[in-house]
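These notes concern the structure reproduced below.
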Amino acid sequence: MYSDYVKSDFRSFKSDKQFITAPIYYVNGAPHLGHLYTSIAVDILHRFMSIFGESYFSIGTDEHGQKVEQSAQKNNCEVQKYVDDMYAPFHQLMKVANIQYDSFIRTSSEKHKSNVLHFWNKLLDSGDTYEDSYKGWYATRDEQFYAEDEVEDRYIKNSKRKVAKISGSPVEWMEEKCTFFKLSKYNDELLDYYKKNKSLIGPNARYNEVIGMLEARIPDLAITRSRFSWGISCGNGQVIYVWVDALSNYITAMGDNVDYWINDMIHIIGKDILKFHAIYWPALLLSTGYPMPKRIYAHGWWTVNEDKMSKSLGNVVEPFDLIEKYGIDPVRYCIMREMSFGQDGDFSHDRMKNRVNTELVNVIGNLVQRVLAFTWKEFGETLTINDLEDQDLELLKNWDECLENSFEAMKKQQIHVYLEEVRKVIVKTNQYIDFTAPWKCESEEKKRILAVGIECIKRLALIIYPVMPGSSEKILEMIGCDCKISNWFVPLQQKALDKPSGLFNRI
RNA sequence: UGCGGGAUAGAGCAGUCUGGUUAGCUCGUCAGGUUCAUAACCUGAAGGUCGUAGGUUCGAAUCCUGCUCCCGCAACCA
């Protein structure tokens, strides 16, 4: 009996509370595939853990800095007006991509500004700042100073220029009075902490990078700028360094519940901003007396047809077009399947199309369709699971394993493992249908097999909810089930079925 | 020079941190089966000395060392 199986096999899944963050996106350009990817990844992690426990998800836009100010000037636009315009498509993207954030922070908002000043004052009170005049090579493009050994002469268009070795950006000798943060003071503390908490930074390659940076020693950090004014003013004609401003968004996002969430802070970032999140930010938190992040996980970058995605190559993948063309659920699924979360990956329309047709239409959509259409034709309503044969039990246990393995994987941000687990159990279910061949069976047996089948469809819908919420809800509505993981073991009630329609369209 | 990433069947990847049964998966190819299903599904087969040379080990794709090759390091930028 199904009830015996449930009694003997019931597992309760409970996740730790988490505050999960996506980066805030710099509004100095239009959203592209990378922004979409990061947002979806965090959304999936958030939705998944929300099923089992508490999760809070923040995202937003980074709107300050010299480059934004310059772009606005170039466009003859008042800066606030300019960032309002630039912010809009990012915000719109959240809607069309079905990103279910709890908090969207704009760094130019009053709420954020006052929060940053509060954070700033804590920093000044910590005794970890000092005034000094900065003499050094400044690259406007990088918004950053470089030391003497970090610059070199290079010939650009036949003229000799000093440039930063790392970025190649032109530098100028600058002297400016600014406030410094004693970052170097935290060098060893961070190193020690990370060596004791190896799983704090992932994937492993990124962990090694951070250890390398710390072992090479980190100098103090200039945390004010006076060359431009588009930022949060801290007096004396100076503005707060954009990264202090930007990183503080995570505090702003928590609002009045900082104490409640901050212990459980998980940062999902792109690999380019690892240093800021794994070194600057934790040091700032230590200085101001906040706890350390629980996890920092950096994902990889996209190439497009093996080329780097770039405006000059003209191969930037435009997220709105993508969603328009394939639909949001296929996009969410495919771009997460396309790369192991943490590695780099390549995008191509050919592979996208192939994946939609094979995995979504042929495997997932087809399973749902064959079970529901058959049941609809034969019985006209959903079936309540009751008696079980060994093979039925085995299949249900496969689904339980899938849930458990997915859960374990997602605790470690292994989104690709979760999706692979789901795919595997769906294949098993297709095998089961073929093996039991209900179309050849007598009525009672047919009913039993289809009841098991529908039970699997229900579980399928529940488990794909984080990655394809729209499709999940569509299935659940057809079979009359609420989207709650507690329904995993709860048998479906009888409900009249309509003629099922396809879940995904072949391309 | 340097820094970082990579090298696993025709293609795309997982596995490498925490060494251990015949190295997995998807797509593609070939041969069967099936008809409930959006010509979808299922079974089977071919195809890899896990870049290379050493080392550690009872045992290495996995750890260590040398080497080769590929990619990125102007800007936008997750």
Side-chain angles (χ1 to χ4, degrees), chain A residues 22-26 28-42 59 67 71 141-142 152 154 156 163-170 198-199 202-209 212-213 216 268-274 298-303 306-313 316 319 337-340 343-346 348 350-351 354-355 357-378 414 416-417 420 423-424 426-427 429-441 446 449-450 453 500-507:
Chain A
I24 52 175
Y25 305 125
Y26 201 39
N28 203 27
H32 56 63
L33 178 63
H35 299 106
L36 180 65
Y37 176 68
T38 311
S39 307
I40 289 173
V42 181
I59 195 164
K67 274 186 284 193
S71 299
R141 204 151 65 193
D142 305 343
E152 65 184 6
R154 276 187 208 164
I156 296 167
V163 299
K165 282 183 194 169
I166 305 172
S167 63
S169 304
K198 286 191 162 51
S199 65
N204 207 252
R206 301 298 159 212
Y207 171 85
N208 293 334
E209 252 179 71
M213 287 187 247
I268 306 300
I269 57 172
K271 63 182 184 179
D272 55 321
I273 52 176
L274 181 64
H299 67 244
W301 274 18
W302 286 94
T303 53
E306 310 286 316
D307 285 321
K308 189 170 177 178
M309 183 166 61
S310 77
K311 283 180 185 168
S312 50
L313 282 172
V316 173
R337 282 284 287 162
E338 206 54 59
M339 60 162 108
S340 298
Q343 299 294 115
D344 288 351
D346 186 59
S348 86
D350 284 348
R351 265 208 305 283
N354 193 39
R355 215 177 262 290
N357 287 341
T358 58
E359 296 188 17
L360 291 181
V361 177
N362 293 354
V363 178
I364 298 183
N366 179 241
L367 175 65
V368 173
Q369 183 72 4
R370 72 194 298 206
V371 170
L372 290 185
F374 199 16
T375 310
W376 167 73
K377 251 193 282 185
E378 297 282 327
Q414 302 297 290
H416 56 290
V417 174
E420 181 60 18
R423 199 196 56 77
K424 269 169 23 190
I426 289 171
V427 168
T429 308
N430 262 325
Q431 289 170 347
Y432 166 88
I433 305 277
D434 272 63
F435 183 71
T436 54
W439 50 89
K440 286 182 184 166
C441 295
K446 186 186 286 175
I449 293 164
L450 287 176
S501 58
L503 207 51
F504 303 105
N505 295 319
R506 183 172 300 282
I507 297 171

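Nothing here was measured: the structure is a model prediction, and the numbers come from that model. In what follows, every heavy atom counts, from backbone to side chain, and hydrogens, waters and symmetry copies are set aside. So you know, we letter chains A, B, ... as the sequences are listed, proteins then strands, and number each from 1.
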Once pairs are restricted to Watson-Crick or G-U wobble with both distances under 3.5 Å, how does RNA chain B read as a dot-bracket string, [ ] for crossings and | for other-strand pairs? .(((((((.[[[[.)....(...]]]].(((((.......))))).....[[[[[..)....]]]]])))))).....
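- Using a 4.0 Å heavy-atom distance criterion, A:K377 is classed as a sugar-phosphate-only contact.
- Side-chain atoms of A:Y25 and A:T38 include no donor-acceptor pair closer than 3.5 Å.
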Give every donor-acceptor pair under 3.5 Å between a side-chain atom in residues 359-367 of chain A and any protein atom, sequence neighbours left out.
from: A:E359; atom 1: OE1; to: A:Y333; atom 2: OH; distance (Å): 2.7
from: A:E359; atom 1: OE1; to: A:R337; atom 2: NE; distance (Å): 2.9
from: A:E359; atom 1: OE1; to: A:R337; atom 2: NH2; distance (Å): 3.4
from: A:E359; atom 1: OE2; to: A:R337; atom 2: NH2; distance (Å): 3.1
from: A:E359; atom 1: OE2; to: A:R355; atom 2: NH1; distance (Å): 2.7
from: A:N362; atom 1: OD1; to: A:R506; atom 2: NH2; distance (Å): 2.8
from: A:N362; atom 1: ND2; to: A:N357; atom 2: O; distance (Å): 3.3

Detail all sub-3.5 Å separations between protein N/O atoms and N/O atoms belonging to nucleotides 45-48 of chain B.
none

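- Base contact: A:N204 has a heavy atom under 4.0 Å from a base atom.
- Near RNA chain B, meaning a heavy atom under 4.0 Å from it, residues 433-440 of chain A has A:D434, A:W439, A:K440 in order of number.
- Counting any heavy atom pair closer than 4.0 Å across all strands shown, A:D272 reaches sugar-phosphate atoms only and no base atom.
- No engagement by A:D346 is indicated, since no non-hydrogen atom pair under 4.0 Å with the nucleic acid exists.
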Enumerate all atom pairs, one protein N or O and one N or O from nucleotides 25-27 of chain B, separated by less than 3.5 Å.
from: B:C25; atom 1: O2'; to: A:E420; atom 2: OE2; distance (Å): 3.3
from: B:C25; atom 1: O2'; to: A:R423; atom 2: NH2; distance (Å): 3.3
from: B:C27; atom 1: O2'; to: A:N354; atom 2: ND2; distance (Å): 3.2

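- Put simply, A:K67 has a side-chain N or O that comes within less than 4.0 Å of OP1 or OP2 on B:C76.
- Residue A:G300 is classed as a base contact, given a heavy-atom separation below 4.0 Å to a base.
- For the ring pair (Phe, Tyr, Trp, His ring centres under 6.0 Å) test, residues two or more places apart in sequence or in another chain that qualify with A:H32 are A:H35.
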